[in-house]
Protein chains: 2
Amino acid sequence: MRRPTIADIARRAGVSKGAVSYALNGRPGVSEATRARILAIAQEIGWQPNSAARALNGARAEAVGLALCRPARFLGMEPFFMELISGIESELAAHSCALMLQVVRDHETEMGVYRRWWGEGRVDGAILVDLHVADPRVPEMEALGMPVVVIGHPSAAGSLLPVWSDDGAAVRETVEYLAALGHRRVSRVAGLPRLVHTAIRDRAFEEACAALGLAETGVVHTDYTGEEGARATRRLLSSPHRPTAIVYDNDIMAVAGLSVAQEMRLDVPADLSIVAWDDSPLSQVVRPPLTALGRDISAYGAHAARRLLALIDGADPGPLEDDTARLTPRGSTAPPPES
Amino acid sequence: MRRPTIADIARRAGVSKGAVSYALNGRPGVSEATRARILAIAQEIGWQPNSAARALNGARAEAVGLALCRPARFLGMEPFFMELISGIESELAAHSCALMLQVVRDHETEMGVYRRWWGEGRVDGAILVDLHVADPRVPEMEALGMPVVVIGHPSAAGSLLPVWSDDGAAVRETVEYLAALGHRRVSRVAGLPRLVHTAIRDRAFEEACAALGLAETGVVHTDYTGEEGARATRRLLSSPHRPTAIVYDNDIMAVAGLSVAQEMRLDVPADLSIVAWDDSPLSQVVRPPLTALGRDISAYGAHAARRLLALIDGADPGPLEDDTARLTPRGSTAPPPES
DNA sequence: TCGCGGTACTTATCCGGTTCAGCAGGTATT
DNA sequence: AATACCTGCTGAACCGGATAAGTACCGCGA
């Protein structure tokens, strides 16, 4: 049995397709009596608008795109992305807007997907994440003319609308906190070096250490996995002047680092202080619970989605600086051991 | 500047729209010379097919739907879902098929979303998860006539295509392993009682305990969160005949349970053995690393997606029983304390 | 030299909506 | 009484493709 169309409704109501269209869209042009009759018939035969036909007339796709250029397995491992996505979802859901999600291999494929989605009218806008230094996607997106919100620092977002949070300030707060505890040798286990926010954190870390006269005992870059976090930790803790504190770029690596420290018979926090970036339940559940830089990632995603929806609506929302991550001291940080 | 259409191409090439359509779709009806000319022009003016127009003629949406009825925050916390989604993605990506994702409040909204997506021709099929006992979604989906793969036991999938794994066997293996270690008092911290797979695990657990003559020291149902996992553990460990082993329905709760045990000055595994269901990196990263029931969830998702794509293609793939979860013994299980 | 068949198109229609011009018929205005 | 102006509707074009049916032309065999 075919899906009912407005032509079916028109036939049963004894009016024209046009009248049905006016009635169903709450537009003037039909009497209230006729409108009610048409709505009743539509209800009765279970009519559903066909978005394809609507889109053909320039209507919205009522969906926004997110193409993620990370190995698929990262998704399952990084709480950050799932929280971000769930935050985006929560905002979109309130506007009956769907999320088109695709995991892609590389940036080239990613742009191909965006080009196709936009070209085919399947999405009304997109969210760009994981900004690289001198990211080629930015000028390409600008050329496409699609509404785009960039999750990342304005300095790298070109003319696209940025939503970001001040990682530099968070790094400074952390380093100052560790310095106040008495630490003088602080290391950092960072994420992918090509990502803009890694560069920003690296730089802020370096500057904060210099300002406070701390010895920078090494920044190690990783791919965010627990394995590389463990390896980096092992390397840092094996060096002759090993750090008394390590700041990790995500909680997965911090937890892995904690395990390595314990494996090396170092007491956390007595011998080594650990700070995690991203405060998922994971950080609170290990022993000792981790001092972490937390913020509401879900809200972050929601804000980005709201900005995008405004942009799609033709508004001109300004860039948004979201909350800076806040340090929550827990059991993994303490003054360094006397030496 | 308007997006180019086949009419623009036709005008520039000096042929009709029909000829352009044939050329662009690689169908016979135009000479190779004309085809090449048309393709060149299409390339030059940056033509992209408009999916709406295609869909109007009954073409595929090239997307499948997944409406998740869980609080948004769960997504970020449960590694299972993200791995499942990334697995689904990996299979879909290979077929240039997108995933329409929406987090919904309740099953009613969920069905509304599916009805709309299907009615509006935005998806070609859907994946149903978190099957409930006597789930109303199954008959509704059957009535809709949309291609659907159910991730869950065939007994609850009606005429929809099930993809499942034998949780009962995994429970039996686990209980037998614990019994072989010498445990006689085994508990279970389970998930939501209304979920079909919880019921199946509950029953298998009960039967296995009975068969091996173990004392069942309680099954506690939770909502899968770390908090409830911790609370359930505290309750079980506070009872007079406390269990010497606990099997958890996910790793989040197992890790939370581990913390509670340590907080109560119980040594894991000397005083208490812990088994986690779902073997995410989390299980391996805590001290001691958790004995876990693991399987390739990503592959599970990929298999479901492949089944769905086959279904959409009009094939009639049979139900798929995926690998049973396998027990990986690690440091959290040992013989029970003497006494 | 006729007809047959194939090639290479064109034309027209359809998909399911939106939208605009037009047109009755009634009411208010002058 | 003629005019203007609503209201409530109709009919048709239109969006951008796919596709069935029709046609012009060519080569070829009989």
Side-chain angles (χ1 to χ4, degrees), chain A residues 1-39 41-43 45-62 115-124, chain B residues 1-39 41-43 45-62 115-124:
Chain A
M1 206 182 60
R2 242 182 55 268
R3 275 184 29 197
T5 72
I6 56 165
D8 299 321
I9 301 177
R11 202 172 321 111
R12 288 174 74 127
V15 296
S16 70
K17 272 173 46 171
V20 174
S21 178
Y22 291 138
L24 292 173
N25 290 293
R27 297 169 43 123
V30 286
S31 66
E32 281 313 312
T34 310
R35 186 189 303 280
R37 192 157 46 92
I38 288 173
L39 287 174
I41 293 174
Q43 177 87 17
I45 66 176
W47 175 83
Q48 291 271 34
N50 179 319
S51 72
R54 283 230 164 110
L56 206 47
N57 292 286
R60 296 271 172 74
E62 299 298 350
R115 227 186 294 279
R116 192 166 62 82
W117 282 350
W118 178 242
E120 296 184 355
R122 303 179 84 84
V123 298
D124 303 317
Chain B
M1 205 183 58
R2 241 181 57 269
R3 276 185 26 198
T5 71
I6 57 165
D8 299 321
I9 301 177
R11 203 173 318 113
R12 288 173 74 127
V15 296
S16 70
K17 272 175 43 170
V20 174
S21 179
Y22 289 139
L24 292 172
N25 290 293
R27 297 170 43 118
V30 285
S31 66
E32 280 314 311
T34 310
R35 186 189 304 278
R37 192 156 46 91
I38 287 172
L39 287 173
I41 293 173
Q43 177 88 20
I45 65 177
W47 176 83
Q48 292 271 34
N50 179 316
S51 70
R54 284 228 162 113
L56 207 46
N57 291 289
R60 295 270 172 74
E62 299 298 348
R115 226 185 295 277
R116 191 166 62 83
W117 281 349
W118 178 243
E120 297 183 358
R122 304 180 81 84
V123 299
D124 302 319

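In what follows, chains are A, B, ... by sequence order, proteins preceding strands, each numbered from 1. If you're wondering where the values come from, they're calculated on a predicted model, not measured in any experiment.
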Are the side chain of A:Arg35 and the backbone of A:Ala23 linked by a donor-acceptor contact shorter than 3.5 Å?
yes
Locate the shortest heavy-atom distance separating A:Ile6 from A:Lys17; write the atom from each residue and the value.
CD1-O, 4.0 Å
Value in whole Å for how far the P atom of D:dT19 lies from CD1 of B:Ile6
11 Å
OP1, OP2 of C:dG16 versus side-chain N and O of A:Thr5: anything below 4.0 Å?
no
Round to the nearest Å and state the distance from A:Glu62 atom CD to C:dG17 atom C1'.
15 Å
With respect to the phosphate group of C:dC9, does any side-chain polar atom (N or O) of B:Thr34 fall under 4.0 Å of OP1 or OP2?
yes
B:Trp47 side chain near D:dG16 phosphate (N/O to OP1/OP2, under 4.0 Å):
no
With heavy atoms under 4.0 Å as the rule, sort B:Glu32 into base, sugar-phosphate or nothing.
nothing
Residue mapping more 5' on DNA chain C - nearest nucleotide basis, B:Tyr22 or B:Ala53:
B:Tyr22
Are the side chain of B:Arg60 and the backbone of B:Asp124 linked by a donor-acceptor contact shorter than 3.5 Å?
no
Whole Å only: how far is the CD1 atom of A:Ile9 from the P atom of C:dG17?
8 Å
Please confirm whether the shortest side-chain N or O distance from B:Ser21 to OP1 or OP2 of D:dA18 is below 4.0 Å.
yes
Within the structure, does a side-chain N or O atom of A:Arg27 lie under 4.0 Å from either OP1 or OP2 of C:dT19?
yes
If you take all heavy atoms of B:Gly46 and B:Pro4, which pair is closest and at what distance?
O-CG, 3.7 Å
For A:Leu24 and C:dT18, what is the distance between atoms CG and P respectively, to the nearest whole Å?
8 Å
5'-most contact on DNA chain D (nearest-nucleotide basis), B:Val20 vs A:Arg35, goes to A:Arg35
Give a yes/no on whether any side-chain N or O of A:Ser31 is located under 4.0 angstrom from OP1 or OP2 of D:dC9.
yes
B:Arg60 CZ to D:dA18 C1', in whole Å, measures 16 Å
Any non-hydrogen side-chain atom of B:Ile9 less than 4.5 Å from a side-chain atom of B:Leu24?
yes
Rounded to whole angstroms, how far apart are CG on A:Asp8 and C1' on C:dG17?
13 Å
Rounded to whole angstrom units, what separation is found between the CD1 atom of A:Ile45 and the P atom of C:dG16?
12 Å
For the base of D:dG11, is there a side-chain donor-acceptor partner from A:Lys17 under 3.5 Å away?
no
